[in-house]
Q: 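Sharing a structure below in structure tokens format, with a few things to ask.
The structure displayed is predicted, hence computed values, not measured ones.
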Amino acid sequence: MVMASFKAAYKESLREALQTAKFNFVLTDPRIQDNPIVYASDGFLEMTGYTAEEVLGRNCRFLQGPATNRRTIIEIRDAIREERACQVSILNYTKQGKPFWNLFHMAPVYSKEDGRVVHFVGVQTPVNPSIDCDSLASAMECFCSSASQNVSLSTEPVDASKPSQTTNVDEDCCEVSEADKDRAKISVNTLLSELTSKCKGAGVTETRCTTVSAGPGGERVICSSLMLSLTKVQQSFVLANPHLLDTPIVHASDMFLRLTGYSREEVVGRNCRFLQGPETDRRAVQLIGECIRAGKSCTVKLLNYRKDKTLFWNLLHIAPVRSSAGKVAFYVGVQLDVTSVDEPCPAGTETSPHMKQLGAVGAVRVAVRSLQGQGLRRVHKSH
């Protein structure tokens, strides 16, 4: 998946061009679980002391250490969830555990076709700190190793080669000069220019194009943070946007694709009626439409058609999914093949099929309610 992420978006000539670049950067893919690195420049590898094999497929958090400021980590994490650019000064660590300051600039790269985030670009510009990093490293080694290790943005343990004490550092001690800022700006602009000039298909852009989409959020795709949350729901379901013309599907689960035989490209952007056929009960279809217009949930049993035209009975549960503001943002449709419905569940051994559907709806609602605003971004909590 890591290798395919880069190859699917860019021409092979881009790799050659990037290898000649003198600055340090990585590309990450937010559509893959944990937003891993899919490309790392030679400059980045030299700066951090890692090899490409040790970096590709990993989240950038392995660069964090005991004195990395947690507020800075949260700022970066929020920018990723909100799919926007950010620039921060951050203390990172090499493979050998040596701390170093860098001016980190991160920016999303959007698809020209539908506005989704294809990759994040992370450019690291080393800066000269006003404190001695060697002294900082030796001082940190004196702390007790049993203290909290909650530096990472995940539950992964902190690298054992680094000191384990969590300490916030005043980032005012890292003075970023205008020359450093200029170098960072040139690096980012040069890299984005290379990406946009050597891409495949419809191409990529550094600014999200809203003319290809519609709706109150100006987008026809869901944000990457919601996408990752939805992939954890292991049931057959689709998410449809009622604010777009004809209420198209904006997300389809892997189990839905296996059930129907369609690919994701054949499903997203279409109304669910493509599953209907000549023997589908029109009254059930009418009931679905009435419930959607009324903003209500409903459960119907109807005959659907797979891509190969084979029939299957579908117990379909449809429910509105509201945003944090209380307005209907999506409709979720959870499908169950009738064979699993007609088989009775032994008492006390298994949850009923319909309860599983309600569980899937609940999981989707939790994921959506943690987001807000245009495109449903992460909710900002006041401190």
Side-chain angles (χ1 to χ4, degrees), residues 214-217 220-222 226-227 229-262 264 266-307 311-342 351-371 376:
R220 67 183 187 191
V221 293
I222 59 178
L226 177 56
M227 176 75 74
S229 296
L230 296 178
T231 58
K232 299 176 183 178
V233 183
Q234 298 300 309
Q235 292 199 53
S236 174
F237 74 96
V238 296
L239 202 66
N241 190 338
H243 303 291
L244 303 182
L245 182 63
D246 206 27
T247 312
I249 296 171
V250 293
H251 175 79
S253 71
D254 290 340
M255 291 186 67
F256 174 85
L257 302 178
R258 289 196 292 269
L259 172 66
T260 63
Y262 288 92
R264 184 165 281 105
E266 294 172 316
V267 169
V268 174
R270 300 176 66 183
N271 184 283
C272 288
R273 71 174 65 91
F274 67 85
L275 294 176
Q276 300 171 17
E279 298 184 49
T280 303
D281 189 340
R282 298 297 111 185
R283 291 173 297 177
V285 174
Q286 183 179 358
L287 176 61
I288 293 172
E290 291 174 353
C291 289
I292 290 177
R293 287 189 291 272
K296 298 180 179 179
S297 301
C298 71
T299 302
V300 296
K301 184 178 178 180
L302 72 167
L303 197 64
N304 279 162
Y305 293 72
R306 296 184 175 89
K307 183 179 179 180
L311 305 176
F312 70 99
W313 282 101
N314 180 14
L315 183 67
L316 174 66
H317 180 77
I318 295 177
V321 179
R322 300 181 183 277
S323 67
S324 59
K327 298 181 180 180
V328 175
F330 303 104
Y331 275 90
V332 59
V334 186
Q335 301 80 19
L336 275 178
D337 194 301
V338 70
T339 54
S340 63
V341 174
D342 291 340
T351 305
S352 70
H354 186 55
M355 288 302 294
K356 289 182 178 180
Q357 288 182 310
L358 296 180
V361 171
V364 172
R365 284 174 170 166
V366 169
V368 171
R369 285 173 183 170
S370 67
L371 307 166
L376 289 178

Q: Near R283 CZ, under 6.0 Å, is it more than 12 heavy atoms from other residues, nucleotides or ligands?
A: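 Not more than 12 within 6.0 Å, no.
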Q: Taking only residues two or more places apart in sequence, or in another chain, which ones meet Y262 in a ring-ring contact (aromatic ring centres under 6.0 Å, His included)?
A: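 Once residues adjacent in sequence are excluded, the partners of Y262 under the ring-ring contact (aromatic ring centres under 6.0 Å, His included) criterion are F274.
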Q: If you measure from CG on L316 to NZ on K301, what distance do you get to the nearest 0.5 Å?
A: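 Reported value, rounded in 0.5 Å steps: 13.0 Å.
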Q: Rounded to the nearest 0.5 Å, what separation is found between the OH atom of Y331 and the CD1 atom of I292?
A: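 Y331 atom OH to I292 atom CD1 measures 6.5 Å (nearest 0.5 Å).
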Q: What is the minimum heavy-atom distance between L302 and W313, and which atoms define it?
A: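 Closest heavy-atom pair between L302 and W313: C-CE3, 3.6 Å.
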Q: From K307 NZ over to L259 CG, what is the distance, rounded to the nearest 0.5 angstrom?
A: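 If I round to the nearest 0.5 Å, the distance is 14.5 Å.
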Q: Are the side chain of Q357 and the backbone of T299 linked by a donor-acceptor contact shorter than 3.5 Å?
A: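 Such a contact is absent between Q357 side chain and T299 backbone.
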Q: So how far is it from L275 CG to Q335 CD, rounded to the nearest 0.5 Å?
A: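 If I round to the nearest 0.5 Å, the distance is 7.5 Å.
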Q: If you take all heavy atoms of A329 and N241, which pair is closest and at what distance?
A: O-OD1, 3.7 Å
Q: Could you point out which residue of I249, L244, L245, D246 forms a side chain to side chain contact (heavy atoms under 4.5 Å, CB included) with N271?
A: D246
Q: Quick check: closest heavy atoms across F237 and L230, and the distance to 0.1 Å?
A: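 The answer is CZ-O, 3.7 Å.
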Q: Quick one: does any side-chain atom of Q235 pair with a main-chain N or O of K356 as donor and acceptor, under 3.5 Å?
A: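 Yes, Q235 side chain to K356 backbone: donor-acceptor pair under 3.5 Å.
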Q: Looking only at heavy atoms, what is the nearest atom pair of T280 and L303, with distance?
A: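 Smallest heavy-atom distance, with atoms named: OG1-O, 2.7 Å.
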Q: Looking only at atom types and distance, does a side-chain atom of H317 sit under 3.5 Å from a main-chain N or O of S297, one as donor and one as acceptor?
A: no
Q: So that I can tick it off, tell me whether R258 and D337 are bridged by a salt bridge, with the cut-off set at under 4.0 angstrom between side-chain N and carboxylate O.
A: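 Salt bridge absent between D337 and R258.
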Q: Please report the interatomic distance CG(L336) to CG(N314), rounded to the nearest 0.5 Å.
A: 7.5 Å
Q: Could you check whether any side-chain heavy atom of R365 comes within less than 4.5 Å of a side-chain heavy atom of P320, counting everything from C-beta outward?
A: yes
Q: On a heavy-atom basis, which atom in Q276 and which in Y305 lie closest, and how many Å separate them?
A: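 That closest heavy-atom pairing would be C-CD1, 3.8 Å.
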Q: Would you compute the distance between atom CD1 of I318 and atom NZ of K296 and round it to the nearest 0.5 angstrom?
A: 14.5 Å
Q: Closest approach of P242 and V328, non-hydrogen atoms and distance?
A: CG-CG1, 4.2 Å
Q: Would a distance-only check, ignoring hydrogens and angles, find a side-chain to backbone donor-acceptor pair under 3.5 Å from E279 to G277?
A: no
Q: Can you tell me if R264 uses its side chain to pair, donor with acceptor, with the backbone of L257 under 3.5 Å?
A: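 Such a contact is absent between R264 side chain and L257 backbone.
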Q: Any heavy-atom pair between the side chains of V267 and F256 that's under 4.5 Å?
A: yes
Q: Does the side chain of C272 come within less than 4.5 Å of V238's, by heavy atoms?
A: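 Side-chain contact under 4.5 Å: yes.
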